[in-house]
Structures are given as structure tokens and as C-alpha cells.
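Written below as C-alpha cells is the structure these notes are about.
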Amino acid sequence: MSLLIPGFDYRRVPVADGVSLNAAVAGSGSPIVLLHGFPQTHLMWRHVAADLAADHTVICPDLRGYGASDKPAADTDIDTDTGSAAYSKRTMAADVVALARALGHDRFALAGHDRGALVAFRAGLDHPAAITHLACLDVLPTLDMWDVMRGTTAAVGFHLYLMAQPPGLPERMIAARPDDFFGHFLDLWAGDPGAIPAEVRTAYLDACRAAVPSIVADYRASAGVDVDHDRADRAAGRRLTMPLTVLQQDWGAALGYDAAAVWRAWADDLEHRTVGYGHFMAEEAPADIAKALRELLSR
């Protein structure tokens, strides 16, 4: 099922050799790019994007490997010049910068949720001159995520460990029952299941079912090359220099860490808030999320 955000124009934009992203674009004014999470597509931003388009240029792409964007094969070799792989967050962040530039924006605000927030985080570190403001919704940076996943509490993240395994088994297991697998997370993580209506849920499942290898490759990169990139930046003392807003559920209380302190180690200008919504907060509380992003853009 192909759903669109009403009032948005859709474009296929080349961002790398052989890779184009599907992007919804609307509005005018200062630009903001919104990156979706798992197991979703750009449609997760439909309410927030429509709100922000009243006074901003809003760009909502499907990430590489997701939705209607291209899904290149997952390479097993790391580029020796860039340290990147096909689904490293470094590569995916470069896609986003190339997308914005192709649409006429050398500098832009960037907000990401879940997997998209990891791409946004990497973009902020790799492309600080391009990112004016940054928002990350309901994640920790990759390196810190693995650090806090310990003992039986790590069972909540079983999918991280499954998709970290070498190519073959995870893809076959997930492809055998894709709707059960991806639907599990839509059910488990939703604070308000009604925020994802049936037609949107179907669109998410259809998109994921068609993208099992690339989704697994995205997660596999987060157990390998993405950790290497975060570790190198931490050792070098690199930090996010633009205003940063982080909105998170209270995972710190559940897993035994100080979420705000984790983010302060990366950011010079941080606004960290614990929220009471479910994981899919842009769909469950779109007015609040749009307000938070507007407050970020005013900093």
C-alpha cells in the first residue's frame, strides 16, 4: 500500500552512486529534514511535517534501505578512505546531506527518530557546518546503547542482537514471518496503538516486508562499523556543537543509567526531556513534538 503525506510533493533524488532517496517536500522558510525510525517510513512524520510546513521547508525522506528509497546490496568491505559501509550511519548521513544540498539547502535543521536519530547524530558529528539544529527522539548514541544493554534487561533489545549476527540466518528468520516480526514492535512500543491507524500499519508492514535484507544490514552496521565511528569520535573528543534537543521515554530508570548524562557527554548545548509518550511519539503526540522542534529552532 502506497500512502502519501497530503499536500507534499514527492521526488526521487540521487544522493550517491546508484542510490536515490524517496522524499516528501513541502512548505517554505528555513529547512528541516525529518528522518524516520524502525519499523516505519517517512509517513511517521505525517502530522508533525504538516504542522511545521506552515513556516518551514520540510523534507521527509525514506532512509536508504527503507520505504520507497533505493536498497543497495549490503557490502562486506569497509571503504578504506571513508571507513564507511553501505549501511553505516556515516554513509546514511552523507545521503541526507546530499539530499538537502540537491534540494538547495547547504545548511538545515535535522530531526530523527529511532534509527533516523542515529543517522542524525552521525550527521551532526560528520557534517557540523551543514546542521544548524539537531533533535534525536528516543535513542542513545550507538556506542552508549550497547554499553547499557546488560543482563536480563537486555532482552528488550533482542532484535539488536539477532540482526547483529553474520549475514544469512537473521534474514531468513525474519523473512519467514516478517509481519509477525515487524508487527511485534509496532504493538510493543506503542503507548497509544490508535496513533497508528490500520492503513498506516499496513503500509509499514508492506515496506518492511520488501526490505528485510537492507533493514538487517542497517542494524548489523550498528554492531560493527557504527561503534567504531562513535568510539573514534569519543577518543578524539568530538562533540555536537549545534543546539540539540533529545526527547526520550524513561529508559534510564528501566535499564539503570542516567540518560541526560549520556547525552551531555556528546553535546555542548543540550535540552534533554523525559516524556510520557510511547516510542512512536511523533504519531502519539504530534503537537508536542512539533512544539519541541519549533523551540529547538528558536535556540
Side-chain angles (χ1 to χ4, degrees), residues 30 32-53 56 58-60 63 89 93 96 108-125 131-145 148-149 156-157 185-186 188-193 195-196 222 239-299:
S30 62
I32 181 168
V33 179
L34 306 176
L35 305 179
H36 67 85
F38 163 92
Q40 299 161 290
T41 69
H42 76 282
L43 285 173
M44 64 151 283
W45 290 108
R46 59 196 178 279
H47 304 306
V48 173
D51 187 324
L52 293 178
H56 295 280
V58 180
I59 304 166
C60 300
L63 294 167
K89 302 310 148 304
V96 173
F108 57 96
L110 182 59
H113 172 256
D114 189 85
R115 307 304 294 172
L118 299 180
V119 176
F121 172 80
R122 177 46 52 193
L125 289 172
I131 311 303
T132 63
H133 302 77
L134 185 65
C136 292
L137 277 56
D138 219 28
V139 295
L140 290 178
T142 301
L143 181 61
D144 302 291
M145 174 192 71
V148 304
M149 300 291 282
V156 70
F185 301 103
L186 291 172
L188 181 67
W189 293 344
D192 174 13
I196 303 177
S222 286
R239 294 168 61 83
L240 298 167
T241 56
M242 67 290 297
L244 168 65
T245 290
V246 175
L247 305 177
Q248 292 187 281
Q249 297 179 87
D250 201 1
W251 288 109
L255 299 178
Y257 64 90
D258 184 338
V262 168
W263 279 102
R264 279 195 298 271
W266 288 103
D268 293 333
D269 182 359
L270 172 67
E271 172 76 18
H272 185 279
R273 303 182 199 172
T274 300
V275 300
Y277 325 122
H279 179 64
F280 304 114
M281 55 187 68
E283 294 172 283
E284 297 181 37
D288 288 357
I289 301 306
K291 181 174 182 289
L293 293 179
R294 282 203 169 85
E295 290 171 352
L296 167 66
L297 295 172
S298 72
R299 279 162 53 194

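All residue numbers in this chain count up from 1 along the given sequence.
Relative orientation of the W189 and F280 rings is tilted, given thresholds of 30° and 60° on the angle between their planes.
Nearest heavy-atom pair across A282 and M44 is CB-CE, 3.6 Å. Of all heavy-atom pairs between E284 and G278, the closest is OE1-N, 2.9 Å. Minimum heavy-atom separation, R273 to A292: NH1-CB, 3.9 Å. Residues R294 and D51 come closest through the heavy atom pair NH1-OD1, 2.6 Å. In terms of heavy atoms, A120 sits closest to L110 at CA-CD2, 3.6 Å. Between A117 and G112, the closest heavy-atom pair is CB-O, 3.2 Å.
The CG atom of L43 sits 9.0 Å away from atom SG of C60, with the distance rounded to the nearest 0.5 Å. Put simply, CG on L244 and CZ on F121 are 9.0 Å apart, with the number rounded to the nearest 0.5 Å. To the nearest 0.5 Å, atoms CG (L134) and CG (L270) are separated by 10.5 Å. Rounding to the nearest 0.5 angstrom, the gap separating the CG atom in L293 from the NE2 atom in H133 is 11.0 Å.
Under the 4.5 Å side-chain criterion, counting only non-hydrogen atoms from C-beta, R122 is not in contact with T142. The closest side-chain heavy-atom distance from H113 to I289 is not below 4.5 Å. Counting heavy atoms from C-beta outward, I32 and F108 have side chains that stay 4.5 Å or more apart. With contacts defined as side-chain heavy-atom distances shorter than 4.5 Å, the pair L125/L240 qualifies. R115 has its side chain out of reach of Q40: every pair of non-hydrogen atoms, C-beta onward, lies at least 4.5 Å apart. Considering only heavy atoms from C-beta on, L140 stays 4.5 Å or farther from W266 through its side chain. The shortest distance between side-chain heavy atoms of H279 and D114 falls below 4.5 Å. Two residues are said to be in side-chain contact when any heavy atoms from C-beta on lie closer than 4.5 Å; Q248 and T274 fail this criterion.
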Would you check, one step at a time, whether the test side chain to side chain donor-acceptor pair (under 3.5 Å) holds for H47 with E283? CA-CA 7 Å; H47 304 306; E283 294 172 283; over 6 Å; no
V156 and W251: side chain to side chain contact (heavy atoms under 4.5 Å, CB included), yes or no, with the steps? CA-CA 11 Å; V156 70; W251 288 109; 4.1 Å; yes
Evaluate H42 against L34 for side chain to side chain contact (heavy atoms under 4.5 Å, CB included), listing each step before the verdict. CA-CA 8 Å; H42 76 282; L34 306 176; over 6 Å; no
Check the pair Y277, D288 against side chain to side chain donor-acceptor pair (under 3.5 Å), reporting the backbone distance first and the verdict last. CA-CA 10 Å; Y277 325 122; D288 288 357; 2.4 Å; yes
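Heavy atoms from other residues, nucleotides or ligands lying under 6.0 Å from CH2 of W263 number more than 12.
In this structure a side-chain-to-backbone donor-acceptor pair under 3.5 Å is present from D138 to Q249. Counting only distance, with no hydrogens or angles, the side chain of H36 and the backbone of W45 share no donor-acceptor pair below 3.5 Å.
Residues passing the side-chain hydrogen bond (donor to acceptor under 3.5 Å, both in side chains) test with D269, sequence neighbours excluded: R299.
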